[in-house]
Amino acid sequence: MSDTEKPKGYEPEKIEARWYDAWLENGYFKPEVNPGGKPFSIVIPPPNVTGSLHMGHALNATLQDILARWKRMSGYKVLWVPGTDHAGIATQNVVERELAKEKLDRHQLGREKFIERVWQWRAEYGGRIIYQLKKMGASCDWSRERFTLDEGLNEAVRTVFVRLYEEGLIYRSGRLINWCPRCRTALSDLEVEHEEEQGLLTLINYPFSDRSGHITVATTRPETMLGDTAVAVNPADERYKDAIGKTIALPLTCRAIPVIADPEVDMEFGTGAVKVTPAHDFNDEAMAKRQTPPLESIKVIGADGKMTPEAGAKYAGMDRYEARKAVVEDLRKLGLLVEEKKHVHAIGHCYRCKTVIEPLSTPQWYVKIAPLAQEAMKAVREERIRIIPDSWNASFFAWMENIKDWCISRQIWWGHRIPVWYCEGCGKIIVAMEAPKTCPDCGLVDPVQDDDVLDTWFSSALWPFSTLGWPGKNVKAEDLLEFYPTSVLVTAFDILFFWVARMMMMGLKFMGGVPFRDVYIHALIRDEEGQKMSKSKGNVIDPLIMIDKYGTDAFRFTLTAFAAQGRDIRFSEERVKGYRFFINKLWNATRFIQMNTSDGLVDINAGSAGLPSRWITSRFAAASRQVEQSLSEYRFNDAANAVYHFLWHEFCDWYIEMAKVGLQNENEAPGVKACLLKTLEGVLRLLHPFMPFVTEELWQGLPNGVRQGARHGESIMTACFPSGLHTDEQAEKEMGIVMDAVLGVRNIRGELNISPAAKIRIFITGASAGVVSVLQSYIDYIKKLAGASEVIFQAEDLKDKGAVSLRTGFTVCVPLEGLIDVKGELARLEKELKNISGDLEFVSRKLMNEDFVGKAPQKVVEKEKAKLEDLQAKKNGLLENIGRLKNLEAENG
RNA sequence: GGGCGGAUAGCUCAGUUGGGAGAGCACAGCCCUUACAAGGCUGGGGUCGCAGGUUCGAACCCUGUUCCGCCUACCA
């Protein structure tokens, strides 16, 4: 597009669409674009196939893309592996809901048909989130896209399972697990969400069998009393000393249960006597095991959350909550109910469907986790893995140190089938990569495979190496050699334990080395009130709507500028608007430069660079260093702010304004044009990782020969990232003097409301020869930026009546020939005097303090001394001028 | 119960080895100065939650405390 056609405003929808496909077609997302570079790799946290892009994904993808693009531009061989997660329970739930609409359930359909349905569903809707990631500009290598249920990943899963089993790190147990009666599956500890709820503590009298009275127990779950097999008291509890060993006639049943002693019983809580239901409570189960002989376990609640026949004919078939009411009512009728008091306690819920969890005894597979956790902790302790920000280390270690064995079997159909077979003849358990034809022990044919599938996180734990081809028969195993370990994992803290810790364990175990060097934990995005976004609260902001309204680049930049470490993000649409304006600024700066450089040939190496050009070049160097430094420390917001400030407040506010002067000057113009183009080209490259689309669009519009950063191909994506540039202290110092003079005049204008249209004369006094020489050289710039008709240097003694501004090393005076508002100016100067006097007093008191002068570093003392001098000079100047104005006021009566 | 994080301008937030506090937005004043009014210039505004301590010097380090949020935990 030529500059004459370039619209005045930036219109994202017109330009963002066309670049992504071009990048993709040219293979720029593949590591092969930098064949000789050092590898830099990231695996994406695979979003659920069921999902659609939310704010968390958007932030996550943006940060990864910034790193990927930055490293790619810096010459690294970058691989960003994308993919999705099969999300067992969540996906199965979705498809089951679809079936329900057809008045079907999965059992009617049968396992095979049901799985087919899920794959069908996945084919239809599973691509949505991928499309959305592309819309975000994610530079993933889509040719390497993976799915956690891929053939290759399945091979990895089976391999890991078999090896862990053979090493005794996977075992089967029938102990209590967390059971979701709605999903009808076991859950790991992590998949249970605890929430404080107002409940009831029910006190019940349990009569002794010998009719010698009763013992009162307290419970939050009265219905489980039908499965009680003991009442426990603390052996040290004087109140119940005589009760130990007695027998209780368990109400509503015809069973007798003993009173036992257990040191874990809290004497302070409730009545100090606790009913023991080993089949439905984790504590009670442990207590039952401690007894000799172990207590009996009676299951009164089934997998469906309904009472079993063992609960007694009356209650069998009742829902557990219905049974609770019935039990309490029946006890009341028997006169055994003492009271029900309000009681706040934490209740576990299924993280997928929020149903209250039921501890249930069913055979499940577990990973013996402690040995694996040890290795992961060691890796973090030895800094082979860095967690950033490191405040997460504490949480990580706290969790890892108390970690319990991981229940990995799930009673659902959608997932990796457990590679275990049972011989129906001899009961032999066969764990193998492939289905065995016969039982190795008894020779019976066709052992039956375990019905269950593995926890989704089991396959996710292998993601950093399974996606790269491990164990590698028919996949690109060379990726594994080249890109493992990955460079950094970018994720939010809510899956630190679910996923990150488990990847560490599996990576260390099976690859013999860490899966990633850095873990960058980014913020969670909340709404403007600081609430977690959730569909039920209705406060969800859809990233795609933001993109439609403001463009991907503005949206990405907002997320980046918000992404300070260690803090959650309160998202605000206003900020997105602000950053759209920023892009507009860039757009128009480019427009200006193109308008001024399109007149024939521009020699990019032309001219000797004047002070403003040397200055902006130096500032660009500083900005790019800041960006690079910040990115290397994952300080994304600092990086974004550095480039924002440079582009807007240094390049646009100062340099472009000064360039307008330089362009008028025949001698300077070629150099200024070259500098404008070079700086613009550089800042586009600096900005590209943050806002890929607009930078590509504008960069492509630059004249040939300017795009010097292009490494190969013709895209900013593969151009060099600005690096290793040097600042120019001398230029910055001199420019500082010029800017100081301009700011002085502007201050006077602003404060005295002098119209910008009014051209004024400026006097400069009290300047050293050096300062005069600098100001003299750039007099045209000062005139332009300060709106002056004339700049006059005068030795001393201002006879003109005017407004003054005391600068560092000189004074600016604007004579107003009679138009001056004496009172206004007097007020202005007195305000200034007050400020300066305050500062001066503080500094001089500091310097009079012997301790300060003696103990503070020399550098700090010197700085304070210089400050004192400057303030003193300004104060004197102010006093002098205030005196003159007062005389003037008196003369005028 | 344990742990972590936050409390800084009206709002949202920066503040990286402790050297008298910054940005964006909002606000006020003056300007359509031909890149941009989605803009320019100028300005007002904070006892850095509270109380102690360390230090020549504390938003920053230490102790205590209040409020808010989160994670974690088998007190029935």
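Hydrogens, waters and symmetry mates are skipped; everything else that's a heavy atom, side chains included, is used. Numbered from 1 within each chain, the chains take letters A, B, ... in sequence-line order.
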Practice prompt. Using a cut-off of strictly less than 4.0 Å, decide whether A/R575 has a side-chain nitrogen or oxygen near OP1 or OP2 of B/rC13.
Written response: no

Response to the item:
Of all heavy-atom pairs linking A/P278 and A/L176, the shortest is O-CD1, 3.5 Å

Practice prompt. For A/H345, report the nucleic acid contact type (base, sugar-phosphate, nothing); a contact means any heavy atom under 4.0 Å.
Written response: sugar-phosphate

Worksheet item: How are the rings of A/W587 and A/Y10 set relative to one another: parallel (under 30°), tilted (30 to 60°) or perpendicular (over 60°)?
Response: tilted

Fill in: Touch class at under 4.0 angstrom, heavy-atom based, for A/G199 against every strand present
nothing

Item to complete: Check every strand shown and say whether A/N849 touches a base, only sugar-phosphate, or nothing at a heavy-atom separation below 4.0 Å.
Response: sugar-phosphate

Item to complete: Using a 4.0 Å heavy-atom cut-off across all strands, classify A/K660 as base, sugar-phosphate, or nothing.
Response: base

Discussion item. Counting the atoms with a prime plus P, OP1 and OP2 as sugar-phosphate, which does A/A589 contact under 4.0 Å by heavy atoms, base, sugar-phosphate, or nothing?
Written reply: base

Worksheet, complete the sentence: Picking from B/rG19, B/rA38, B/rA35, the nucleotide nearest the side-chain atoms of A/P857 would be B/rG19

If you restrict it to nitrogen or oxygen atoms, what contacts under 3.5 Å exist between nucleotides 40-42 of chain B and the protein, and what is each distance?
| residue | atom | partner | partner atom | Å |
| --- | --- | --- | --- | --- |
| B/rG40 | OP1 | A/K585 | NZ | 3.2 |
| B/rG40 | OP1 | A/W648 | NE1 | 2.6 |

Worksheet entry | Among B/rA76, B/rU12, B/rA35, the one nearest A/F562 by side-chain distance | B/rU12

Worksheet item: With a non-hydrogen cut-off below 4.0 angstrom, is A/V265 in contact with a base, only sugar-phosphate, or nothing?
Response: base

Item to complete: Only stems of 3 or more consecutive Watson-Crick or G-U pairs count here, both distances under 3.5 Å; name the ones for RNA chain B, or none.
Response: B:1-7 with B:66-72, B:10-13 with B:22-25, B:27-31 with B:39-43, B:49-53 with B:61-65

Practice prompt. Tell me what A/L201 touches on the nucleic acid: a base, only sugar-phosphate, or nothing, going by heavy atoms under 4.0 Å.
Written response: nothing

Fill in: Polar contact flag, side-chain donor to acceptor under 3.5 angstrom, A/H349-A/E197
yes

Worksheet item: A/Y10 on top of B/rA38's base, within under 5.5 Å and under 30°?
Response: no

Item to complete: With heavy atoms under 4.0 Å as the rule, sort A/E657 into base, sugar-phosphate or nothing.
Response: base

Fill in: Pair A/Y351-A/E191, side-chain donor/acceptor within less than 3.5 Å
yes

Discussion item. Does A/K585 qualify as a cation-pi partner of A/F651, given the criterion of NZ or CZ under 6.0 Å from the six-membered ring centre and within 45 degrees of its axis?
Written reply: no

Worksheet entry | Under-4.0 Å side-chain N/O to phosphate OP1/OP2 contact, A/H343 with B/rC75 | no

Worksheet item: Just wondering, more than 12 heavy atoms not from A/Q198 lying within 6.0 Å of its CD?
Response: yes

Worksheet entry | Sole residue of A/Y520, A/F557, A/F690, A/F562 in ring-ring contact (aromatic ring centres under 6.0 Å, His included) with A/F636 | A/Y520

Practice prompt. May I ask you to say what A/F842 touches in the nucleic acid, namely base, sugar-phosphate or nothing, with a heavy-atom cut-off under 4.0 Å?
Written response: base

